[in-house]
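I have placed the structure first, in the form of structure tokens, so that the comments after it can refer back to it.
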There are 4 protein chains.
Amino acid sequence: MHAEEPPRAARAKRLPRAVRERQILDAAVAVFARHGFHTASMDEISEVAGISKPMLYAYLGSKEDLYVACLRREGERLMAAIEAGADPAAPPDVQLWRGLRAFFGFVAEHADGWRVLHQPASAAGGQFAGELAALRGRMIGLVGRLLVRAVSNGNVAAGIGAATRRDTDGLAAALVGAGESMADWWLAHPDEPVGVVASRLMNLAWMGFGDLVEGRMWVPPHKR
Amino acid sequence: MHAEEPPRAARAKRLPRAVRERQILDAAVAVFARHGFHTASMDEISEVAGISKPMLYAYLGSKEDLYVACLRREGERLMAAIEAGADPAAPPDVQLWRGLRAFFGFVAEHADGWRVLHQPASAAGGQFAGELAALRGRMIGLVGRLLVRAVSNGNVAAGIGAATRRDTDGLAAALVGAGESMADWWLAHPDEPVGVVASRLMNLAWMGFGDLVEGRMWVPPHKR
Amino acid sequence: MHAEEPPRAARAKRLPRAVRERQILDAAVAVFARHGFHTASMDEISEVAGISKPMLYAYLGSKEDLYVACLRREGERLMAAIEAGADPAAPPDVQLWRGLRAFFGFVAEHADGWRVLHQPASAAGGQFAGELAALRGRMIGLVGRLLVRAVSNGNVAAGIGAATRRDTDGLAAALVGAGESMADWWLAHPDEPVGVVASRLMNLAWMGFGDLVEGRMWVPPHKR
Amino acid sequence: MHAEEPPRAARAKRLPRAVRERQILDAAVAVFARHGFHTASMDEISEVAGISKPMLYAYLGSKEDLYVACLRREGERLMAAIEAGADPAAPPDVQLWRGLRAFFGFVAEHADGWRVLHQPASAAGGQFAGELAALRGRMIGLVGRLLVRAVSNGNVAAGIGAATRRDTDGLAAALVGAGESMADWWLAHPDEPVGVVASRLMNLAWMGFGDLVEGRMWVPPHKR
DNA sequence: TATGAATGAGCGTTCATTCAT
DNA sequence: AATGAATGAACGCTCATTCAT
């Protein structure tokens with residue numbers, strides 16, 4: 001009378017490799033998004049993935065390998081989303097518009113993926129998020145107030161003339177991000193004079209691509 | 001009257017508190033900039049600072065305290081630099097221009113400080129910088145090619161018509177950064193429709209503040 | 001049919017949880033008994049237990065947790081030993097007798113356990129054992145000489161009349177311990193007059209429970 | 001107009017060595033009584049003593065030296081207090097009575113000194129006081145209930161027949177202490193049979209010195 | 001195949017102790 | 001004589017990683 005043991009639990013189902021890997025990556029992305037690379041623990045990831053740690057290592061290698069795999073997968077997804085709507089025949093502004101929509105669409109639908117791609121550190125425990133957010137808030141506030149003042153001097157009837165506080169804040173955030181990004185880019189191309197770099201951003205911020213394309217530039221006051 | 005230098009103490013000359021604290025913060029900023037918070041070790045910081053570990057703790061408290069102190073000092077310096085040139089009486093574009101110059105000036109002169117403020121994670125060991133840089137590079141490339149094409153369709157004689165590859169790359173980086181930043185901002189204000197967010201950035205990118213202020217807006221094709 | 005012993009694993013044979021926990025507690029009790037809580041190091045405990053430090057933490061938690069676990073286990077063992085021989089139907093003196101035998105039996109068989117329970121501090125490194133032992137020795141000597149003298153004035157034929165030096169020393173030690181214990185108890189009940197406390201101990205020491213139960217008391221000279 | 005600075009502070013008065021030493025010992029006793037040896041820090045002692053750490057070391061040597069000095073001073077004080085009232089001509093019970101009074105008098109007036117002498121470990125942070133107190137409480141309760149029962153079987157009109165709960169608790173504490181102390185003593189004289197040791201304490205507890213001196217002994221049931 | 005059980009290596013932190021002033 | 005400033009040495013604890021089953 002041999003007992004017929006039921007197939008041991010849901011946990012250790014024999015699954016095809018691809019499925020397991022997706023499971024694991026999903027768990028890893030979720031955990032890395034929540035904690036950042038260093039603070040995330042392999043224990044938690046294996047638990048969330050519903051497998052044992054040795055399996056984690058068998059499938060994806062070391063913690064670093066796993067993290068890189070997350071970066072790659074989410075990165076590819078992001079690029080794919082953006083490129084999906086690309087239509088080289090469309091006019092530039094339409095192309096840009098579509099790219100932007102696709103990008104934000106990705107962020108909305110894969111928030112964790114985006115976090116892994118973009119916030120590896122600030123999410124790291126979140127311990128210093130407050131400190132950094134405060135600083136960033138001050139910078140955005142600075143720019144935001146500038147925008148508000150500019151707007152109230154301009155044509156209030158149209159454009160961001162009817163801007164809500166939301167609008168100016170969002171634009172200010174965008175501008176600050178543009179500055180940060182350009183700063184990083186500059187750090188990697190350090191041989192440019194500061195004026196050139198600043199001019200470039202100034203032109204983008206003030207004139208926009210549209211004007212630039214049509215040959216209008218912003219010129220520093222002393223050169224006018 | 002030759003100066004009599006005191007016999008260069010092996011390690012730890014008795015220094016007034018303020019000086020030591022600056023020494024320590026300088027070292028900490030350098031190390032945190034190189035390794036990020038988690039990967040940096042108090043041992044290395046104390047070594048770079050030229051003091052023993054207990055002094056680190058005596059002066060600045062725990063590792064977290066020390067990190068926050070770095071964030072605060074560099075953050076204040078950055079804000080001070082930007083606000084230094086502020087002139088509320090100047091026209092908005094001039095104000096913006098001065099702010100940008102000040103910002104990039106800070107980045108140039110305090111690269112480590114800037115890294116601590118902005119790259120807490122990607123610098124974390126630098127292990128994944130490559131991976132992330134590659135992704136970012138692809139996005140920038142995408143935008144960059146768009147700009148190049150847009151330019152070649154426009155007035156080549158002026159504006160960024162004479163744009164170097166450098167220019168378009170830099171602008172692309174700025175735009176990508178603006179998008180990332182706005183995405184983060186959006187994650188913190190999740191109740192906005194994607195179209196609104198995308199429009200906002202599109203307007204900034206295409207029209208610039210100048211046009212916006214004067215009431216010109218970019219309108220999605222299907223609404224024209 | 002020779003037993004096939006498994007190849008004596010270098011260090012850590014895979015053992016069931018319960019066994020490992022006992023192993024660890026045994027080691028911890030031994031080490032804490034030798035060094036006391038503070039001076040004992042987790043390194044030494046893990047070494048004595050024959051496992052690595054992380055296992056220590058995995059099984060029993062922090063050093064404090066481990067110490068408390070030792071206190072609990074040995075405490076329970078002690079109480080169990082005492083209560084094992086309890087017989088509520090027996091006359092009080094027999095009950096007391098059995099309890100004492102059980103108690104001393106425990107001490108004899110679990111000397112380390114007893115040390116952990118009773119000498120947490122004086123054993124602390126054993127650094128001051130000598131100093132404290134000397135003092136205690138003087139007090140015991142004081143009382144011991146008193147007993148000897150009392151005995152030689154009394155009925156030498158019987159009782160401790162035939163007392164060896166051992167006997168008087170042991171009794172003196174007991175009395176000193178009774179005094180210390182009552183002092184501690186008094187510190188926790190500070191509102192009693194010194195005379196009351198001293199009387200209580202005097203009665204125990206001089207009359208014993210037997211007399212007290214039968215209504216005989218010792219009375220200070222000035223009240224006689 | 002040169003400012004006449006007042007002689008820098010109360011802190012560093014030049015004091016004769018003996019006074020300083022007493023100051024330091026007083027502080028040390030207070031701190032050791034509160035925290036125990038290991039948990040006490042030289043920093044706190046120097047602060048309480050109102051001197052700098054190097055002075056501490058100059059006057060009393062290492063932390064261990066200092067602790068031993070405390071033990072010695074308080075030990076001498078205790079012995080002196082007890083011996084002060086000694087009168088070798090008095091009858092033994094009176095001598096014992098006077099000794100007990102003197103002892104409890106010392107405890108009352110030098111509680112910190114007593115703590116340093118007797119609780120070096122349990123005071124150590126007090127982290128485990130609860131755990132240990134609970135165990136001891138159980139043992140005292142066990143003995144206490146026994147006493148209560150014995151009393152109610154005996155002559156309730158006199159002796160501890162009129163015993164309050166306080167009395168029985170106190171006596172129980174004393175008996176438990178006697179047992180602990182005798183156990184320690186036994187550990188240092190391990191060649192005695194358990195029956196002998198237990199008998200000794202049983203006799204003290206049940207008969208008291210008075211009976212013993214007069215030749216009456218308690219005999220185990222099976223020998224009667 | 002899948003895992004509970006195991007560990008090497010390292011980090012943050014704290015102290016008793018002592019120079020240099 | 002007196003001290004602020006400094007350090008060597010250790011300890012508790014955790015984590016990524018891997019056997020042995």
Side-chain angles (χ1 to χ4, degrees), chain A residues 8-9 11-15 17 20 38-46 51-59 61-66, chain B residues 6-7 9-17 20 38-46 50-59 61-66, chain C residues 6-7 9-17 20 38-46 50-59 61-66, chain D residues 8-9 11-15 17 20 38-46 51-59 61-66:
Chain A
R8 278 266 257 117
R11 180 97 174 261
K13 288 180 310 218
R14 235 50 101 61
L15 289 180
R17 181 168 191 104
R20 266 282 141 89
H38 281 102
T39 311
S41 84
M42 293 299 264
D43 270 296
E44 182 174 355
I45 292 173
S46 76
I51 61 165
S52 70
K53 260 194 301 179
M55 282 294 95
L56 213 57
Y57 283 86
Y59 277 101
S62 74
K63 189 187 188 185
E64 295 198 4
D65 292 343
L66 177 56
Chain B
R11 267 290 271 292
K13 299 183 310 226
R14 221 64 77 74
L15 290 181
R17 180 163 195 110
R20 266 283 138 89
H38 280 103
T39 311
S41 87
M42 293 299 263
D43 270 299
E44 180 173 358
I45 293 173
S46 76
I51 61 166
S52 68
K53 251 192 311 178
M55 281 292 96
L56 226 53
Y57 285 86
Y59 277 100
S62 72
K63 189 186 187 185
E64 294 199 2
D65 291 342
L66 178 56
Chain C
R11 265 291 271 293
K13 299 184 311 228
R14 222 63 79 72
L15 289 182
R17 180 164 194 110
R20 265 285 137 88
H38 279 103
T39 312
S41 88
M42 293 299 263
D43 271 297
E44 181 175 356
I45 292 173
S46 76
I51 61 166
S52 69
K53 246 189 317 176
M55 282 291 95
L56 224 55
Y57 285 88
Y59 278 100
S62 73
K63 188 186 187 184
E64 295 199 3
D65 291 343
L66 178 56
Chain D
R8 276 268 256 117
R11 182 96 174 259
K13 290 182 305 224
R14 235 53 98 64
L15 288 181
R17 180 169 192 105
R20 264 285 141 86
H38 280 102
T39 313
S41 84
M42 294 298 264
D43 270 297
E44 182 175 356
I45 293 173
S46 77
I51 61 165
S52 70
K53 261 195 299 181
M55 282 293 96
L56 213 57
Y57 283 87
Y59 276 101
S62 74
K63 189 187 187 184
E64 295 197 4
D65 292 342
L66 177 56

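Keep in mind it's a predicted model, so treat the numbers as computed, not measured. Proteins come first, then strands; the chains are lettered A, B, ... in the order of their sequence lines, and each starts at number 1.
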Check B/R17 against B/Y59 and note the closest heavy-atom contact, atom names and distance. CG-CE2, 3.6 Å

Using whole Å, what does the distance between atom C1' of nucleotide E/dC15 and atom CG of D/L56 come to? 14 Å

Partner set under side chain to side chain contact (heavy atoms under 4.5 Å, CB included) for A/Y57, not counting sequence neighbours: A/M42

Length of the CG-P vector between C/L66 and F/dC11, whole Å: 16 Å

When every non-hydrogen atom of B/L66 is compared with those of B/I45, the smallest separation belongs to CD2-CD1, 4.0 Å

Under 4.0 Å from OP1 or OP2 of F/dA1: is there any side-chain N or O of D/R20 that close? no

Contiguous pairing runs of three or more, Watson-Crick or G-U under 3.5 Å, that involve DNA chain E: E:2-21 with F:2-21

Roughly, in whole Å, what's the span from CG in D/D65 to C1' in E/dA16? 12 Å

Encode nucleotides 13-18 of chain F as B, S and - characters from 5' to 3', where the letter depends on protein heavy atoms closer than 4.0 Å: B to the base, S only to sugar-phosphate, - to neither. BBBSBB

Partners passing side chain to side chain contact (heavy atoms under 4.5 Å, CB included) against D/D65 (at least two apart in sequence or in another chain): D/S62

Distance-minimising heavy-atom pair for D/S52 and D/S46: C-CB, 4.1 Å

Over how many whole Å does the gap from D/R17 atom CZ to F/dA2 atom P extend? 11 Å

Can you measure B/I45 atom CD1 to E/dG12 atom P for me and round it to whole angstrom units? 8 Å

For C/K53, salt bridge (Lys or Arg N to Asp or Glu O under 4.0 Å) partners two or more places apart: C/D43

Whole angstrom is fine here: how far is it from OH in D/Y59 over to C1' in F/dA2? 9 Å

